[in-house]
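One structure below.
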Amino acid sequence: MKQHTVIDSPYGPLTLVADDGVLCGLYMTDQRHRPPEESFGESDGSPFGEAEEQLDAYFAGELKEFTLELRLHGTAFQTAVWRELRRIPLGETHSYGQLADALGNPGASRAVGLANGKNPIGIIVPCHRVVGADGGLTGYGGGLERKRRLLDFERGASLF
């Protein structure tokens with residue numbers, strides 16, 4: 001059974017989605033590849049206490065690594081990419097090529113980019129930490145300005 005809630009964040013409202021009580025989605029407003037609202041299930045904040053606590057601590061600069069149980073729905077390749085994203089430390093970035101290398105598939109940087117773009121759990125699965133080979137900001141489902149702000153925040157710059 002799916003449930004969802006909407007919480008405030010420094011980056012706008014975030015929609016949290018759970019599948020049988022386990023977080024399976026975190027979506028920003030106007031996010032590319034955001035599923036339709038009707039797929040989020042009933043509005044009920046009860047399964048999201050720990051997620052909200054960890055997100056609050058992250059936004060306060062007190063949490064460096066999320067420890068939430070996640071339910072990632074995707075292909076085997078997508079879920080491998082999303083697991084690898086969680087290994088990128090706070091304040092660091094990796095290129096699509098570096099992720100492909102880490103997955104043992106150095107020629108797959110384009111496929112890594114496609115999987116990265118379909119990440120269903122933004123921020124917690126930090127797809128914003130992936131940059132182009134030259135270190136430049138590339139596409140982000142939440143928009144490049146949000147990506148820039150998230151990276152600046154994680155590197156210790158002010159949120160505003």
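Partners of Tyr96 by ring-ring contact (aromatic ring centres under 6.0 Å, His included), not counting sequence neighbours: none found.
Here the CG atom belonging to Asn116 is positioned 11.5 Å from the OG atom belonging to Ser109, to the nearest 0.5 angstrom. Here Met28 contributes atom CE and Leu150 contributes atom CG; the two are 5.5 Å apart, rounded to the nearest 0.5 Å. Between the CG atom in Asp56 and the CG atom in Asp8 there is a gap of 10.0 Å [rounded to 0.5 Å]. The CG atom of Leu68 sits 9.0 Å away from atom CD1 of Ile121, with the distance rounded to the nearest 0.5 Å. Remark: Leu14 CG to Leu55 CG distance equals 7.0 Å, nearest 0.5 Å. Put simply, NZ on Lys118 and NE2 on His73 are 15.0 Å apart, with the number rounded to the nearest 0.5 Å.
Taking the side chain as every heavy atom from C-beta outward, Glu52 and Glu50 never approach each other to under 4.5 Å. The closest side-chain heavy-atom distance from Leu151 to Arg129 is below 4.5 Å. When side chains are defined from C-beta on, Gln3 does not count as touching Leu16, because their heavy atoms never get closer than 4.5 Å. Taking 4.5 Å as the limit, some side-chain heavy atom of Phe153 sits within range of a side-chain heavy atom of Tyr58. A heavy-atom distance below 4.5 Å is found between the side chains of Thr67 and Gln54. With a 4.5 Å cut-off on side-chain heavy atoms, Arg87 and His94 do not count as touching. Looking at Pro120 and Leu72, their side chains come closer than 4.5 Å, going by heavy atoms from C-beta outward.
Put simply, the side chain of Lys64 never gets that close to the backbone of Pro89: no donor and acceptor are under 3.5 Å apart. Although no hydrogens or angles enter the test, the distance criterion places no donor-acceptor pair under 3.5 Å between the side chain of Arg155 and the main chain of Leu90. When atom types are taken as modelled, the side chain of Thr79 and the backbone of Thr75 share a donor-acceptor pair closer than 3.5 angstrom. Using modelled atom types, no side-chain atom of Glu84 and backbone atom of Val81 make a donor-acceptor pair closer than 3.5 Å. Judged purely by atom type and a 3.5 angstrom limit, His4 uses its side chain to pair as donor or acceptor with the backbone of Gly41. Listed for the Arg71 side chain is no donor-acceptor partner under 3.5 Å among the backbone atoms of Ala18.
Note on ring orientation: taking the six-membered ring where Trp is involved, the planes of Tyr27 and Phe40 are parallel (angle under 30°, cut-offs 30° and 60°).
Heavy-atom minimum distance, Pro47 versus Gly21: CB-CA, 4.0 Å. Residues Ser9 and Gly12 share a closest heavy-atom pair of OG-O, 2.6 Å. What you find for Thr93 and Gln98 is that their closest heavy atoms are O-OE1, 4.3 Å. Closest of all the heavy-atom pairs between Thr5 and Phe48 is CG2-CD1, 3.4 Å. Between Ser39 and Lys2 the shortest heavy-atom distance is O-CD, 3.3 Å. The heavy-atom pair separating Val6 from Pro13 by the smallest distance is CG1-CB, 3.8 Å.
Counted within 6.0 Å of CG on Asp20, heavy atoms from surrounding residues, nucleotides or ligands total more than 12; the atom is thus considered enclosed.
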With side chain to side chain donor-acceptor pair (under 3.5 Å) as the criterion, how do Glu154 and His128 come out once you've worked through the C-alpha distance, each side chain's angles and the decisive distance to 0.1 Å? CA-CA 11 Å; Glu154 289 186 352; His128 60 278; 2.9 Å; yes
Side chain to side chain contact (heavy atoms under 4.5 Å, CB included) between Leu137 and Arg148, worked out: CA-CA 8 Å; Leu137 297 187; Arg148 183 180 342 280; 3.2 Å; yes
In sequence, state the C-alpha distance, the side-chain angles, and the governing distance for Arg34 and Thr15, and then conclude on side chain to side chain donor-acceptor pair (under 3.5 Å). CA-CA 10 Å; Arg34 179 185 168 108; Thr15 301; 3.1 Å; yes
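Placement of Val17 and Val125 in two distinct hydrophobic clusters is found when ILVMFWY residues are connected by side-chain heavy-atom separations under 4.5 Å, directly or transitively.
Comment: Glu65 does not engage Arg86 in a salt bridge, judged by the lack of any side-chain N to carboxylate O separation of less than 4.0 angstrom.
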